[in-house]
Amino acid sequence: MVEITGGCLCGAVRYRLAEAPYNSGICHCETCRRASSAPGLPYAGVALAAYAVTKGRPVTYRSSARVLRSFCGTCGSPLTYFLEDKPDKIDIMTCTLDDPEAYPPTEHAWVSEKLTWEVLSDGLPAYATGEREG
Ligand SMILES: [Zn+2]
Ligand SMILES: [Zn+2]
């Protein structure tokens, strides 16, 4: 059985994944930038049924009309992205994994909104938009 664990910076929120992510990327859209206070936000998609919070209770808010994000209410670490149009999936923030090296990004999304001073040099595919939105 696969068991992948992660959590926020302060340890108040911990989660477990029962299966490996089906994708991994970095989103450069304005919403992700503001949500993470960073030029890009690395994410990994998993089946919603495979995601379980094992400690604490993340705070959830609506960042776009159809998007719910969660974060740790104590330390502020962004934790998840949930698009209501795809209710059987959820993205976890790759850098909250205990082993982020295990699922490196394979693509860039929303580079049409990327900041000019963020230079991509890893050679990965870069898409103007993405399946994701806001
Ligand atoms: Zn925390
Ligand atoms: Zn985004």
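All ligand and atom numbering here is 1-based and tracks the order in the structure.
- Between E84 and R62, at least one side-chain N (NZ, or NE/NH1/NH2) sits under 4.0 Å from a carboxylate O, which counts as a salt bridge.
- When ring centroids are compared, Y81 and Y43 stay outside the 6.0 Å threshold.
- At least one N, O or S atom of C32, from either the backbone or the side chain, sits less than 2.8 Å from the Zn ion (ligand 2).
- Within the structure, salt bridge (Lys or Arg N to Asp or Glu O under 4.0 Å) contacts touching residues 41-61 (residues at least two apart or in different chains) do not occur.
- Heavy-atom neighbours of R34 CZ from other residues, nucleotides or ligands within 6.0 Å: at or below the threshold of 12.
- With a cut-off of 2.8 Å, the protein N/O/S atoms near the Zn ion (ligand 1) add up to 4.
- Ion pair D98/R14 flagged as a salt bridge, since at least one NZ, NE, NH1 or NH2 atom sits closer than 4.0 Å to an Asp/Glu carboxylate oxygen.
- The side-chain tip of K89 does not point at the ring of F82 from less than 6.0 angstrom away and within 45° of straight on.
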